[in-house]
Amino acid sequence: MRLWSRELWRIIWLAFLGMCLGWLLGYPGFGLAAGLTLCLVYQLRQLRALFKWLTLNPHDEPPAATGMWGELFDRLYRYQKSQRITQSRLRATLARIQESSEAMRDSVVMLDRHGDLEWWNSAATDMLGLQTAHDRGQHITNLLRDPRFISYFNAREYSEPLTLTSPIDERRILQYQITLYGDDERLVMARDITRLHRLEQMRRDFVANVSHELRTPLTVLSGYLETYGDLKEMLPPRLSKGIGQMEEQTKRMQSLVNDLLLLSRLEIDRGGEDHQPLEVGSMLESIRRDALALSNQQHSVQVALECEARLVGSEQELRSAISNLAFNAVRYTPEGSQITLRWVALSNGSACIEVDDDGEGIDPVHIPRLTERFYRVDKGRSTATGGTGLGLAIVKHVLLRHDAQLQVESLPGEGALFRCVFPPSRVVNS
Ligand code: ADP
């Protein structure tokens with residue numbers, strides 16, 4: 001403010017001086033005009049100096065000036081200097097981030113809010129085939145054209161990663177994960193999981209082959225044991241007891257091998273060929289009869305149909321999954337328990353099959369792990385009931401192949417409810 005009033009005084013002084021001189025010469029008006037013109041010339045010269053400095057040599061020292069103009073030059077100079085320091089700091093940080101992303105083995109691709117490519121590291125060039133010069137600014141789906149990637153990208157639901165082969169090398173398996181950040185921008189990360197994938201494949205093949213190879217010797221063993229079992233009365237008691245136990249264990253091994261083979265098949269082949277609209281009521285009715293036969297009519301098993309729609313899926317797979325749930329309900333509840341198989345329509349167009357019992361229930365700590373292979377709540381009891389520990393793992397896989405989810409609700413002493421929720425795309429109104 002002081003500078004401003006000093007500048008004002010300077011103008012008033014010059015105008016006054018001009019007027020006094022003009023008055024002495026007999027032309028006060030001309031003197032005043034001359035004084036004001038002098039002021040204007042001074043201001044215009046400073047303005048020109050500022051313009052020249054900012055346009056020609058903005059990095060040089062500012063032009064020398066006094067008063068308000070001098071202060072203005074100084075402040076502009078200081079501001080410019082601090083901006084330059086901030087800029088170089090930002091540039092260094094950006095370079096460090098780019099360097100570290102560059103050093104990453106995973107592909108990193110930055111997209112703007114429209115999905116156009118902004119920046120990527122050299123791993124992305126190697127894995128996805130992005131070319132620095134002409135791919136910048138292109139939409140990602142013009143370069144990664146697999147329909148599965150396009151629908152994953154457009155769905156904007158990135159909680160689960162997507163696994164695909166590399167667009168430039170069929171032998172490489174990549175796992176894509178997209179993250180939304182900033183102003184609707186996206187970061188696409190791709191990771192080479194070829195080795196992991198191969199190991200997983202080897203594990204699956206190994207389990208499938210071993211299970212398959214075990215089938216024949218087990219059939220031979222159980223055949224002989226059955227024959228010896230028929231001759232039990234002719235054998236000494238110790239031997240006949242042993243044969244009985246061997247028969248029992250061979251049966252267990254056979255169901256274990258069958259379940260392992262079923263799981264391998266569910267994992268290996270993609271499925272979907274035999275999917276068709278099914279009458280859930282008749283399927284539940286036949287599962288009810290099987291469950292009653294397993295329980296030796298000692299449980300009360302009912303079917304409740306609260307939905308008229310049909311379910312699109314594989315009859316064989318769904319029957320096996322729901323039978324597993326129903327047989328578990330028989331095996332893990334005491335005699336006389338009430339078991340209900342329900343087909344229910346949900347409000348959003350989806351529907352679910354529920355298997356509900358009023359048995360001893362399951363402690364909630366076990367629920368998240370129930371679908372793991374060989375996970376048992378009570379190991380001794382499970383073995384006694386003839387369980388293989390693979391039942392719920394099979395259920396989970398079958399449901400995955402039907403875009404469905406398994407929900408379990410249970411409390412100790414209050415029974416258990418297993419709910420298979422199918423999306424609207426699987427429910428057709430007949
Ligand atoms: P298993 O072959 O041992 O039955 P599952 O995968 O079918 O294996 O089941 C895993 C465990 O879940 C079982 O060992 C059992 O303890 C528990 N379980 C499953 N269904 C029920 C149920 N209806 N009530 C109580 N516990 C259950």
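In listed order, ligands and their atoms are each counted from 1. Because the structure is predicted, anything quoted here is derived from the model rather than measured.
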Ligand-side contact atoms (ligand 1) for residue partner [X], heavy atom cut-off under 4.0 Å:
X    : value
T388 : 2 (O)
R376 : 3 (O), 14 (O)
G391 : 5 (P), 6 (O), 7 (O)
G387 : 1 (P), 2 (O)
Y375 : 10 (C), 11 (C)
V377 : 14 (O), 16 (O), 17 (C)

In short, salt bridge (Lys or Arg N to Asp or Glu O under 4.0 Å) pairs touching residues 107-124 with sequence neighbours left out are R113-D183
Which pairs pass salt bridge (Lys or Arg N to Asp or Glu O under 4.0 Å) with one or both residues in residues 421-430, sequence neighbours excluded?
D403-R426
Aromatic W69 / basic R45 pairing, under 6.0 angstrom, 45° off normal
no
Does a side chain donor of either E61 or W53 reach within less than 3.5 Å of an acceptor in the other side chain?
no
Can you tell me if Q83 has over 12 outside heavy atoms packed within less than 6.0 Å of its CD?
yes
Polar atom proximity, G389 to ligand 1 (N or O, under 3.5 Å):
yes
Indicate yes or no: does an N/O atom of D357 lie under 3.5 Å from an N/O atom of ligand 1?
yes
Side chain to side chain, S337 and S295, heavy atoms closer than 4.5 Å:
no
Contact between L162 and I178 at the side-chain level, heavy atoms closer than 4.5 Å - yes or no?
no
So for [X], does at least one of its heavy atoms come nearer than 4.0 angstrom to any atom of ligand 1?
X    : value
A329 : yes
F374 : no
I362 : yes
H366 : no

Determine, using ring centers only, whether Y176 and F153 are less than 6.0 Å apart.
no
